[in-house]
Every structure is written in C-alpha cells, then in structure tokens.
Amino acid sequence: MSYSQTIHLHYERLVLTGEVDLHNSPQVRKQLLAILKNGCSVLVDFSELSYIDSSGIATLVEAFNVAKNNQLTLTIIAAAGAPLQVLELTNLNKVFPMVSSLDDIRE
Amino acid sequence: MKLVRCEHYKACTNELSEIRSVVRCACKKMGFSESEINLLTLAIDEACTNIIRYAYCGDKSGRIDLEVYQSESEAIFFLTDYAKCIKKSCLEIKDKKLTEPGGLGLKLIHKAMDSVQLISLSDPVGNKLELRKRLPQG
C-alpha cells in the first residue's frame, strides 16, 4: 500500500493505492487523523485501491466519527470492485458520503 | 475430498498479502466468480487477522497452516494455529452499530461463508477453524 496527499478545493485528498490490511492500516489511520487534526475535511480516494479489510474499514469509521465530531467531513471517492463490495456488505455505503469521481466534489 | 492447496505461514501481518494471493488462486481454480472470490479472500484474510491479533496476541513466532480442499459440493478451508485454545463464543457475532468498533471482521467471515466452525486441538494445543462454502453450480 502507498498513499499520496494533495489539496482539492478546500479538501485534503488522500489517494490510497494497492491493498489496505492489518499490516498497513495504522499508517492510514495516522494520516487520516493528522489531516482531521489540522481542521481539514478529507476526500479518501479509492480509485487506485484494490483491497481493504475490516481494520481499514474500522480506520475509516473512526476517522468519520472524528470528522463528524469536529464539524468536518470524510467523503469516499471512486469505490469499486472488492473495496465497494466490503462497504456494501457492511452497509457502510449508506453511512459514508460517497461519490463516483472527483468531478462530483463541489466547494 | 481433494487437496487444492496446503501452505504454512508465520503469524505476521506481512504474510497476509501472500495468503490472499494463494486463496484467490485456489478459489479461481474451483470456479468461483470474481465477486465470490473477493468475499472468500476477505473472509480468510479476516480469519488470519483474528488469529494474529487474538490467538497469538502479536507473537510473530506463531504459525498458521492453511489447507484448501474441494469436495463434490463445497470448498473447505482449514486454518490451524498453535496458540492457546480460544472459546467458541469468540466466534459469535455481537450485535453492534456499524459505526462502533470491533467485531466487523467476524461479521464479514460469517457473511462470506456458509458455515464457520472452531475445533479445539489438544495435542498439540491449538485451534482449527473450518470454513465451508458451496461451490458454484454448473
């Protein structure tokens, strides 16, 4: 797994690449919580993500709750394939704001 | 019952990627669809994650054995660890809100598989998890 971070409008965009599992989800957690601590809403870009396990999903849930408690947002972009299946299986696709592409993000 | 794969791994998180790759390959061989392969791979990964976290409590010297069998009607996965015996109640799903942490991996395992059974081993001491999934028809 690797990630890159860019700014899109007034959001921090975190692009996750490869597979997120118990081995690397602490890295993702650290990054997400750091972004939120800086007072930025976050776009988690799944377009390059091929796999995510429950530890990755738990990380997103934790970050989502932190964002909500601080009047910020966490939005998932371009979830497809296995990661989308996990979100649907857990009904979290109804909890997280999700959009199909970066073009759907407005100010 | 035909043996499809038999592999041994260290109880380390950096083995998870290889385990997933082996399971994907075995499931493909048994004729599962891409969507089913995703779920079965996730279930085995979650089970291994639980073994590493809760059976071995992060002790990297532990071992996980993966065996995949194919019967006439089912794919059967066995995951064996040699940690202390864990209670069968640990496999029960506690009804929690989705936004609360914990137990998610277990829910995913139960959703992906048709049956999940834990067998306690006494000599050597350990746990054997048996996960079954009906083979695709046709």
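Each chain gets a letter, A, B and so on, in the order the sequences are listed, and its residues count up from 1.
Residues A/Val66 and A/Val61 fall within the same hydrophobic cluster, defined by Ile, Leu, Val, Met, Phe, Trp and Tyr side chains chained together at heavy-atom separations under 4.5 Å. Each of B/Val4 and B/Tyr69 belongs to its own hydrophobic cluster when Ile, Leu, Val, Met, Phe, Trp and Tyr are linked at side-chain heavy-atom distances under 4.5 angstrom. In the hydrophobic clustering of ILVMFWY residues, with side-chain heavy atoms under 4.5 Å counting as a link, B/Phe78 and B/Ile109 come out apart. Residues B/Ile76 and B/Val23 are members of separate hydrophobic clusters, defined by side-chain heavy-atom contacts under 4.5 angstrom among Ile, Leu, Val, Met, Phe, Trp and Tyr. Taken together through direct or relayed side-chain contacts under 4.5 Å among Ile, Leu, Val, Met, Phe, Trp and Tyr, B/Leu135 and B/Val68 form part of one hydrophobic cluster.
Heavy-atom minimum distance, A/Ser54 versus B/Leu108: CB-CD1, 4.0 Å.
Contacts between residues 40-57 of chain B and chain A, counted as heavy-atom pairs separated by less than 4.5 Å, involve B/Thr41, B/Leu42, B/Asp45, B/Glu46, B/Thr49, B/Arg53. For residues 73-88 of chain A, the interface with chain B (any heavy-atom pair closer than 4.5 Å) comprises A/Gly81, A/Ala82, A/Gln85, A/Val86, sorted by residue number. Among the residues in residues 32-53 of chain A, those with a non-hydrogen atom closer than 4.5 angstrom to a non-hydrogen atom of chain B are A/Tyr51, A/Ile52, A/Asp53. Within residues 8-16 of chain B, the residues having any heavy atom under 4.5 Å from a heavy atom of chain A are, by residue number, B/Thr13, B/Asn14, B/Leu16.
Around atom CZ of B/Arg132, more than 12 heavy atoms belonging to other residues, nucleotides or ligands sit under 6.0 Å away. Within a 6.0 Å radius of NZ in B/Lys111, more than 12 heavy atoms belonging to other residues, nucleotides or ligands are found. In the displayed structure, B/Leu3 atom CG is contacted under 6.0 Å by more than 12 heavy atoms of other residues, nucleotides or ligands.
In this structure, A/Glu19 CD and B/Ser21 OG are separated by 8.5 Å, a value rounded to the nearest 0.5 Å.
The main-chain N or O of A/Thr90 is never found under 3.5 Å from a side-chain atom of B/Lys107 such that the two would form a donor-acceptor pair.
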